[in-house]
Protein chains: 2
Amino acid sequence: MEIQISKTLKVSKGEILLSYGDIASYAFKVESGCLRSYVIDKTGKEHILQFAPKDWLVGDIDSSTNNKPSLIFIDAIEDSEVSCISTAAFGDFASLEKDTLVHMSTKIRNKLIATNNRIISLLSASAKERYIEFTKTYPTLVQRLPLKLIASYIGITPEYLSELRRQLSKNIN
Amino acid sequence: MEIQISKTLKVSKGEILLSYGDIASYAFKVESGCLRSYVIDKTGKEHILQFAPKDWLVGDIDSSTNNKPSLIFIDAIEDSEVSCISTAAFGDFASLEKDTLVHMSTKIRNKLIATNNRIISLLSASAKERYIEFTKTYPTLVQRLPLKLIASYIGITPEYLSELRRQLSKNIN
DNA sequence: ATTACTTCTTAAGGTATCTTAACTTTTATT
DNA sequence: AATAAAAGTTAAGATACCTTAAGAAGTAAT
């Protein structure tokens, strides 16, 4: 079985590509613009799992693999163009051609490394450290995204991020 | 290239199998006992990334893949027996046989799903909720592990876990 | 130009979680 | 059995981060 890029889609800022409860049958490769994935917690607050600017992939691998309702949302945070990739084969890697599988596993492995590093950061770094780390890891996103989205990604409120930025600008430790 | 299980090893509680700064050339499959992986932050505190009881794999995929010094430690939290799996092929999946690759990718994918869920939990659940979730997800570990290790895994201090347990036992909300 | 909306900041007061330290209980060692 | 070591609890005070609310500044829409 081949990986299928079924079509490209134009989505406007705010459009939702995957909702809580959906079963994910596509992942999205971003051709232009920026998507994000996020959860909404029981108090109604959003927590961003991933930003996906140009050339990034975003999807719900758990939902796609196990055909279970998604816990997350994916939407466009800028007007974007995306390619839709069918995830029908995710449950059974043996059905893929070897080249395809090599390619996919490499991506999945790299994503695993990234999420591992994020867990380390969430467990062992302060909010200020996580913000500084974010600005170093994603300098282009920092210039592009509203601070409240960055705050959501690093796990703090926008107000507190504002406070941290003030401290940093004053070189308060 | 085939996956190589080079040998099995007996390790005593406390023995370290991978240290910060090492380049990981093995992953470990636990045959009996329990391992853990963890980081030590700049203040000297440990944060547990993974418990690996019987039949689990633990390693540093970032170090193995990219031949870079590890950021983590792996040690035995019980007397254990482990099989050592060479990770020499991790940098180049194309060199693996397809069956091996299918098997490995499935494991990596499942690990990615698990780490994604942990990020969601760290971002969106309180310490109390994370503790309750842990007891549901790993009931056998809860009975086996000292509370301070569980506290470290869910990202809180042992003292605060004690307080949470007291609240839960009194049905304080 | 005016209005409305989103973003960002500031500040006061509150809460979750940590730090330190002491003490109790359990488990391991001699 | 006695001693030491590890695990678990409790409590007081501290701190990181949140909540609410208001205002300022920038951006989009009529």
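No hydrogens, no waters, no symmetry mates; every other heavy atom, side chains included, goes into these values. So you know, we letter chains A, B, ... as the sequences are listed, proteins then strands, and number each from 1. What you see is a predicted model; the values in this text were computed from it and never measured.
- Boundaries of the chain B contact region on DNA chain D are D:dA7 to D:dT10, first to last in 5' to 3' order (nucleotide atom under 4.0 Å from a heavy atom).
- The ring-ring contact (aromatic ring centres under 6.0 Å, His included) contacts involving residues 42-72 of chain B comprise B:Phe51-B:Tyr153, where partners must be two or more places apart or lie in separate chains.
- A search for side chain to side chain contact (heavy atoms under 4.5 Å, CB included) contacts involving A:Thr65 returns A:Ile61, A:Phe90, B:Arg109, B:Ile113, not counting sequence neighbours.
- For B:Lys45, a side-chain nitrogen or oxygen approaches OP1 or OP2 of C:dT19 to under 4.0 Å.
- For B:Thr157, the side chain to side chain contact (heavy atoms under 4.5 Å, CB included) criterion is met by B:Glu159, B:Tyr160, not counting sequence neighbours.
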Donor-acceptor pairs under 3.5 angstrom involving side-chain atoms of residues 15-24 of chain A: please list them, not counting sequence neighbours.
from	atom 1	to	atom 2	distance (Å)
A:Glu15	OE2	A:Ser12	N	2.9
A:Glu15	OE2	A:Ser12	OG	3.4
A:Asp22	OD2	A:Ser19	N	2.9

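- Inter-axis angle, ends of the helix from C:dA1-D:dT30 to C:dT30-D:dA1, five pairs per end, rounded to 10 degrees: 40°.
- Not counting sequence neighbours, B:Arg165 has no partner by the salt bridge (Lys or Arg N to Asp or Glu O under 4.0 Å) test.
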Review item, nucleotides 7-17 of chain C N/O atoms under 3.5 Å of protein N/O:
from	atom 1	to	atom 2	distance (Å)
C:dT7	OP2	A:Lys148	NZ	2.8
C:dC8	OP2	A:Leu147	N	2.5
C:dT9	OP2	A:Ser162	OG	2.8
C:dT9	O5'	A:Ser162	OG	3.0
C:dT17	OP1	B:Ala127	N	3.2
C:dT17	OP2	B:Tyr160	OH	2.8

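- With sequence neighbours excluded, the residues forming a side chain to side chain contact (heavy atoms under 4.5 Å, CB included) with A:Ser32 are A:Glu81, listed by chain and number.
- Here A:Thr87 pairs with A:Ser64 under the side-chain hydrogen bond (donor to acceptor under 3.5 Å, both in side chains) rule; sequence neighbours left out.
- At a threshold of 4.0 Å, the pair A:Arg130-A:Glu133 does not count as salt-bridged, since none of the basic side-chain nitrogens sits closer than that to a carboxylate oxygen.
- Sorted by first and then second residue, the salt bridge (Lys or Arg N to Asp or Glu O under 4.0 Å) pairs with a member in residues 45-61 of chain A read A:Arg36-A:Glu46; sequence neighbours excluded.
- The salt bridge (Lys or Arg N to Asp or Glu O under 4.0 Å) analysis of residues 142-155 of chain B, with sequence neighbours excluded, yields the pairs B:Glu78-B:Arg144.
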